[in-house]
Amino acid sequence: MFFFIAFIAAFGYALQMTLMADFYRRMDTLSAVAYRGLSLGLTMAPLLAWAPLDQYARLVSMWPVLLLLFILTACGDWAIADVVRFLPVGVGTAMANSLIAIVTAFLGFIFFNEAMQTGQVVMMTLIILAVFVLGLTRSTGTLPPQYSLRRGVISAGLTGLLLGGGFSTMGSLSRCFHPFLVGYVWELGTGLMAVLILFLRSKLNHPGLARLQPKEFGRLALACSPTLIGTGLYALSMSMGPMGLATAIIATQMVFTTLLAWMVYHEKLTWLQWLILLAICGLVMGLKIVSG
């Protein structure tokens, strides 16, 4: 059940990232992150029906941890938005998610004493290496208008550090509170933090929150609505198993993202990329086998 939930979460994340890439490439990325979080405050509201009422006040009492979480993920979402702005969706998310998986596994080992079986470590390492190689393969077909390998790689590195820390923090909270409540607060709080950063940025004579027409906001909300599945089930999987293992499975979302980007943005795959994708699928099956 743990693996199934994590895989469905990976697909949800992949679908929303593919659909959101269009907004990240057309508008200010931080503004897109802000509108994404605010819209999720509406579309993810049904998750709250499963959360016990007594946990709301207890979660609010963890405000220092929540503040750290919101800062890490707002900046991390800003960074990954730049990744797909400068690189093809599949390639960029492959690089970013492999780094997120590495950082999350490392933090889980350091701060949460998450020991893993040797077979799991080997399979996770091979998966991360495979998706990283996928990120380095030469892409064909349509490229982003602002394509820049250097800026994309830098943004992917920042994404790994920031979202790796954010996912670890969220995973810790999901083990103490209902994961659906944590997931909802996480996404909405990230959007509000992005709005605050934009406000502070505007005071430094830089652009603030970009204007968005109601119809366009509706399209954006629809594009990021699969996050309801991704975040809800990811928070649940983090409460059921090791953070590093959950994130390694979630990292396979770039397989789905690459296929979706091929269909939506015509970012075609080479034969080498197809082989790597098949290898990743085989490794994930191996991960499930060694995990019992």
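- Both Leu198 and Tyr35 are part of a single hydrophobic cluster, where members link through side-chain heavy atoms under 4.5 Å apart.
- Tyr234 and Trp186 have tilted rings, their planes meeting at an angle from 30° to 60° on a 0 to 90° scale.
- Leu188 and Leu173 fall within a single hydrophobic cluster, where Ile, Leu, Val, Met, Phe, Trp and Tyr side chains are chained together by heavy-atom contacts under 4.5 Å.
- The backbone N or O of Val89 sits less than 3.5 Å from a side-chain atom of Glu267, completing a donor-acceptor pair.
- In plain terms, the two heavy atoms of Ile197 and Cys75 that are nearest each other are CD1-SG, 4.2 Å.
- The residue from Thr29, Asp28, Thr159 that alone fulfils the side chain to side chain donor-acceptor pair (under 3.5 Å) condition with Trp78 is Thr29.
- Interatomic distance, CZ of Phe180 versus CG of Leu233, reported as 6.0 Å (0.5 Å rounding).
- Shown here for Thr18 and Tyr265, the closest heavy-atom pair between the two residues is O-OH, 2.5 Å.
- From Gln16, atom CD reaches atom CG of Leu260 across 11.5 Å, with rounding to the nearest 0.5 Å.
- Between Arg211 and Glu216 no salt bridge is recorded (no basic side-chain N to carboxylate O distance below 4.0 Å).
- In terms of hydrophobic clustering, with Ile, Leu, Val, Met, Phe, Trp and Tyr side chains grouped at heavy-atom distances under 4.5 Å, Val83 and Leu72 are assigned to different clusters.
- Judged purely by atom type and a 3.5 angstrom limit, Ser172 has no side-chain atom pairing as donor or acceptor with the backbone of Thr169.
- Without hydrogens or angle criteria, Thr93 side chain to Gly90 main chain gives a donor-acceptor distance under 3.5 Å.
- Judged by distance alone, with hydrogens and angles left aside, the side-chain atoms of Arg85 form a donor-acceptor pair with the main-chain N or O of Tyr24 at under 3.5 Å.
- Between the Ser174 side chain and the Pro179 main chain, no donor and acceptor come within less than 3.5 Å of each other.
- The closest donor-acceptor contact from the side chain of Gln273 to the backbone of Thr270 lies under 3.5 Å.
- Although no hydrogens or angles enter the test, the distance criterion places a donor-acceptor pair under 3.5 Å between the side chain of Ser225 and the main chain of Leu222.
- No continuous path of ILVMFWY side-chain contacts below 4.5 Å connects Ile80 to Ile154, so the two sit in separate hydrophobic clusters.
- In terms of hydrophobic clustering, with Ile, Leu, Val, Met, Phe, Trp and Tyr side chains grouped at heavy-atom distances under 4.5 Å, Leu68 and Leu196 are assigned to different clusters.
- His178 contributes no side-chain N or O that, together with a main-chain N or O of Pro52, makes up a donor-acceptor pair within less than 3.5 Å.
- Other residues, nucleotides and ligands place no more than 12 heavy atoms under 6.0 Å from the CZ atom of Phe199.
- No side-chain donor-acceptor contact under 3.5 Å links Tyr13 to the backbone of Ile229.
- Remark: the backbone N or O of Phe86 is not paired with any side-chain donor or acceptor of Arg151 at under 3.5 angstrom.
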